[in-house]
Amino acid sequence: MSRALLSHILHRPPLLASRSGVRGGALPSRLRALRLNCSGAEAAAPADEAPAPPARKKRVVSGVQPTGMVHLGNYLGAIKNWVALQDLYETFFFIVDLHAITLPYDAPELSKATRSTAAIYLACGIDSSKASIFVQSHVRAHIELMWLLSSSTPIGWLNKMIQFKEKSRKAGNENVGVALLTYPVLMASDILLYQSDLVPVGEDQTQHLELTREISERVNNLYGGRKWKKLGGRGGSLFKVPEALIPPAGARVMSLTDGLSKMSKSAPSDLSRINLLDPKDVIVNKIKRCKTDSLPGLEFDNPERPECSNLLSVYQIITGKTKEEVVSECQDMNWGTFKATLTDALIDHLQPIQVRYEEIMSDPGYLDTVLLDGAGKASEIADATLNNVYQAMGFLRR
């Protein structure tokens with residue numbers, strides 16, 4: 001993948017419904033976004049000007065839950081983009097195991113899935129010499145900061161979160177644990193601990209980042225600035241207010257059985273997704289049986305043909321071809337020919353990842369070292385942030 005050029009754009013995501021802000025009014029803030037553009041090249045400075053000193057790399061944080069199998073949607077929508085980001089930014093990629101317990105889960109499988117997810121990060125190309133890779137629960141500051149942030153987060157803000165409403169409805173309101181309601185505060189802690197500049201999010205996930213931004217602004221107002229300085233701190237803001245980093249268009253992969261639903265670990269049918277570790281025969285079977293339509297030819301962006309557009313998009317991203325190249329190659333294919341072409345492309349792309357994954361899993365000492373080193377680097381930054389918040393909120397110093 002070529003190095004990406006990031007250009008600033010103004011992005012207005014769906015904001016949270018109006019709520020009581022810090023100063024008594026509704027203060028939904030704008031969410032500025034950077035959109036990843038993999039086709040550009042960085043502008044060079046004029047020849048007669050001295051090169052500017054290297055700027056501090058901006059910091060990016062992101063993670064994936066160790067629930068279920070990591071699938072093609074996780075890979076194309078997140079992990080594959082991280083490989084490019086680690087060359088452009090200071091990056092922290094972690095396995096969000098604390099988020100994995102918000103709904104019923106298999107306790108004996110949690111640690112195995114956590115190690116497997118870490119191995120997949122590495123197998124997909126995340127380089128531990130460039131990025132910090134760690135397990136969320138191995139940095140205790142995540143939980144401590146969550147509790148501190150919870151004291152300043154109005155319950156009404158959490159009640160309006162769309163994902164909470166959807167998941168609680170599916171699980172049955174009486175059976176839902178408190179963690180499902182409060183996990184967005186943990187997500188805010190995950191981001192704010194590292195004074196993150198940018199957070200990769202899908203366009204359907206901006207509500208959570210907007211909540212993080214509003215929590216950070218609220219806490220900065222309540223405890224930062226002169227109030228913090230009077231308590232012996234440096235003053236100013238306790239947290240950076242992070243921006244969204246939107247992945248390339250088409251990176252949102254839809255279900256193989258329903259082109260209008262996102263590919264998901266929680267979908268009941270395994271036929272709805274391609275798991276990164278699926279063997280060849282399983283991939284062949286899933287693509288052969290995936291939902292299509294009866295219309296002639298293949299085309300992108302026809303709202304009447306969501307499955308067609310989704311499968312073409314997957315083929316485009318997997319092969320690294322342009323949209324125009326895919327159209328030229330595939331527009332006159334029938335479904336049988338295209339499914340065989342897509343299957344071959346998927347197998348060719350995933351096989352090296354699967355081979356590398358097996359190598360990593362066969363060397364547990366190496367994986368342990370990567371996670372230990374990553375947690376150590378993360379803890380240095382996280383502990384500094386946490387200590388500042390404790391001080392600003394008036395706690396007795398340890």
Side-chain angles (χ1 to χ4, degrees), residues 60-87 90-144 186 190 193-194 200 265-266 270 273-283 346-383:
V60 170
V61 298
S62 195
V64 168
Q65 287 192 36
T67 51
M69 296 292 291
V70 176
H71 56 67
L72 196 64
N74 302 134
Y75 172 61
L76 297 182
I79 301 172
K80 189 172 186 289
N81 294 321
W82 297 353
V83 177
L85 296 178
Q86 69 185 344
D87 290 322
E90 181 185 8
T91 48
F92 291 81
F93 300 129
F94 50 104
I95 298 92
V96 290
D97 56 340
L98 294 169
H99 288 284
I101 65 171
T102 56
L103 292 170
Y105 70 101
D106 187 348
E109 288 298 316
L110 181 59
S111 62
K112 296 177 185 176
T114 299
R115 293 182 65 84
S116 176
T117 304
I120 284 176
Y121 283 10
L122 294 165
C124 289
I126 304 300
D127 186 340
S128 61
S129 69
K130 298 177 181 179
S132 296
I133 305 169
F134 62 98
V135 179
Q136 181 189 28
S137 64
H138 293 182
V139 180
R140 299 293 178 88
H142 285 259
I143 291 295
E144 291 187 53
L186 177 58
D190 298 336
L193 266 179
Y194 300 100
K265 294 178 180 180
S266 61
D270 192 54
R273 55 189 167 264
I274 299 291
N275 301 307
L276 257 61
L277 301 181
D278 279 345
K280 294 179 182 180
D281 60 325
V282 173
I283 295 174
L346 283 168
I347 291 172
D348 289 346
H349 190 91
L350 295 180
Q351 185 177 19
I353 294 174
Q354 294 173 355
V355 170
R356 178 61 181 146
Y357 171 83
E358 294 298 335
E359 292 173 351
I360 293 166
M361 290 298 287
S362 69
D363 188 355
Y366 165 70
L367 189 56
D368 289 342
T369 299
V370 168
L371 294 176
L372 182 64
D373 290 348
K377 294 174 186 175
S379 293
E380 290 180 13
I381 298 170
D383 289 345

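For S128, there are no side-chain hydrogen bond (donor to acceptor under 3.5 Å, both in side chains) partners, not counting sequence neighbours. Taking K112 as the reference, E109 meet the side-chain contact (heavy atoms from CB on, under 4.5 Å) condition, with sequence neighbours excluded. Evaluation of the ring pair (Phe, Tyr, Trp, His ring centres under 6.0 Å) rule for H71 yields no partner, not counting sequence neighbours.
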Residue pair V96, V135: steps toward the side chain to side chain contact (heavy atoms under 4.5 Å, CB included) verdict: CA-CA 7 Å; V96 290; V135 179; over 6 Å; no
Item to complete: Take L350 and I274 through the test side chain to side chain contact (heavy atoms under 4.5 Å, CB included) and record every step on the way to the result.
Response: CA-CA 10 Å; L350 295 180; I274 299 291; 4.1 Å; yes
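Residue pairs that meet the salt bridge (charged side-chain N to carboxylate O under 4.0 Å, His left out) test with at least one member in residues 124-143, sequence neighbours left out, are D87-K130. The ring-ring contact (aromatic ring centres under 6.0 Å, His included) pairs that include a residue from residues 90-116 are W82-F93, F92-Y194, F94-F134, F94-H142, H99-Y183, where partners are two or more places apart or lie in different chains. For residues 362-382, every residue pair satisfying the salt bridge (charged side-chain N to carboxylate O under 4.0 Å, His left out) rule, not counting sequence neighbours, is listed here: R115-D368.
Between the side chain of S379 and the backbone N or O of G376 there is no donor-acceptor pair closer than 3.5 Å. Y121 places a side-chain N or O within donor-acceptor distance of the main-chain N or O of V64, the cut-off being under 3.5 Å. K265 places no side-chain N or O within 3.5 Å of a backbone atom of M69 that could act as its donor or acceptor partner. Remark: side-chain polar atoms of Q86 are paired, donor with acceptor, to backbone N or O of G125 under 3.5 angstrom.
A 4.5 Å side-chain heavy-atom check between T91 and S132 finds every atom pair outside the cut-off. Residues V70 and N275 fail the side-chain proximity criterion, which asks for heavy atoms closer than 4.5 Å. At a threshold of 4.5 Å between non-hydrogen side-chain atoms, the residues Y75 and I353 count as touching. At least one side-chain heavy atom of I133 sits less than 4.5 Å from a side-chain heavy atom of L122. When side chains are defined from C-beta on, I283 does not count as touching P279, because their heavy atoms never get closer than 4.5 Å.
Atoms CD and CG, on Q354 and L277 in that order, are 6.0 Å from each other to the nearest 0.5 Å. Atom-to-atom distance recorded for Q351:CD and L346:CG is 12.5 Å, nearest 0.5 angstrom.
Of the N and O atoms on the side chains of D97 and T114, not one donor lies less than 3.5 Å from an acceptor on the other residue.
Nearest heavy-atom pair across V60 and L85 is CG1-CD1, 4.3 Å.
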